[in-house]
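These notes concern the structure reproduced below.
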Amino acid sequence: RAWEDVTKAQDEVKDAQEEVDKYQNLDPDNPTRKRAEDRLSSAQDRLEKAQREYDRLKNRLEQARAAVAAAEAALGEARHTYEQRQSGPDPDDLALAEAQLRQAEAQVAAAQASLDSLDLKAPFAGKVIEVRVAAGESVMPKQPVLLLADLSTLYVETSDLSETDV
């Protein structure tokens, strides 16, 4: 339809131009010549408008075709992915993922071992009698950091205390 409007406007411009050419020798103020020139000017305006509309529609058509092509490509890719997933995971991808999982598990185990080595463990239950290091101070392995005593059973030896004094 837009192309029909363009060709119709082109025909009108051609006819109007022929009419202007026919009256070209008349005085510039002649009403017949003025009408012919006005008709040509209007026909040219309609042709420009029709051409702009045609170009706009043509651009929209090209954009729509490009969108269809992109959608078809996406559909093809989606079908390919679907078909691949139907037959299960890619063995190479699966092997890589399993190797990465084993590596991550080893890193977690190493980090846990490192964390466990930071814990202070007493050889028996008791009460802290003396702290020999300050918070944030570095210590060496096997270095005593506190004095621990088992106060559950006490034995007292004295030479000047009798049972009646107790």
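Because the structure is predicted, anything quoted here is derived from the model rather than measured.
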Next on the checklist: I'd like to know whether Val145 forms a side-chain contact (heavy atoms from CB on, under 4.5 Å) with Glu137, so could you lay out the CA-CA distance, the side-chain angles of the two residues, the decisive distance to 0.1 Å, and finally the verdict.
Outcome noted: CA-CA 10 Å; Val145 293; Glu137 188 176 334; over 6 Å; no
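- Remark: Glu37 CD to Gln24 CD distance equals 7.0 Å, nearest 0.5 Å.
- Sorted by first and then second residue, the side chain to side chain donor-acceptor pair (under 3.5 Å) pairs involving residues 57-66 (not counting sequence neighbours) form an empty list.
- A distance of 4.5 Å separates CG in Asn30 from OG1 in Thr32, rounded to the nearest 0.5 Å.
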Next on the checklist: Assess the residue pair Val13 and Leu40 against the criterion (side-chain contact (heavy atoms from CB on, under 4.5 Å)); give the C-alpha distance rounded to whole Å, side-chain angles, the decisive distance to 0.1 Å, and a yes or no.
Outcome noted: CA-CA 6 Å; Val13 167; Leu40 176 61; 4.2 Å; yes
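- Leu94 and Leu101 sit in two unconnected hydrophobic clusters of ILVMFWY residues. Membership requires side-chain heavy atoms under 4.5 Å apart, directly or through other members.
- Smallest separation of non-hydrogen atoms from Glu53 and Arg56: OE2-NH2, 2.7 Å.
- With hydrogens and angles ignored, the 3.5 Å screen pairs a side-chain donor or acceptor of Thr7 with a backbone N or O of Glu4.
- How far CD of Glu12 is from CG of Asp5: 9.5 Å, rounded to the nearest 0.5 Å.
- Residues Arg132 and Pro144 approach most closely at NH1-CB, 3.9 Å, considering heavy atoms.
- If you chain together hydrophobic residues whose side chains sit under 4.5 Å apart, Val68 and Leu75 never meet in one group.
- Separation of atoms CG (Leu57) and CG (Leu61) is listed at 9.0 Å; rounding is to 0.5 Å.
- The pair Asp38-Lys34 does not count as a salt bridge, with every side-chain nitrogen at least 4.0 angstrom from each carboxylate oxygen.
- Interatomic distance, CD of Glu83 versus NE2 of His80, reported as 8.0 Å (0.5 Å rounding).
- Among all heavy-atom pairs drawn from Leu47 and Val6, the shortest one is CD1-O, 3.7 Å.
- When all heavy atoms of Ala149 and Ile129 are compared, the closest pair comes out as CB-CG1, 3.4 Å.
- Of the inter-residue distances, the one linking Trp3 atom CH2 with Gln51 atom CD reads 6.5 Å to the nearest 0.5 angstrom.
- Within a 6.0 Å sphere centred on CZ of Phe124, heavy atoms belonging to other residues, nucleotides or ligands number more than 12.
- The number of heavy-atom neighbours closer than 6.0 Å to CD of Glu77, taken from other residues, nucleotides and ligands shown, is 12 or below.
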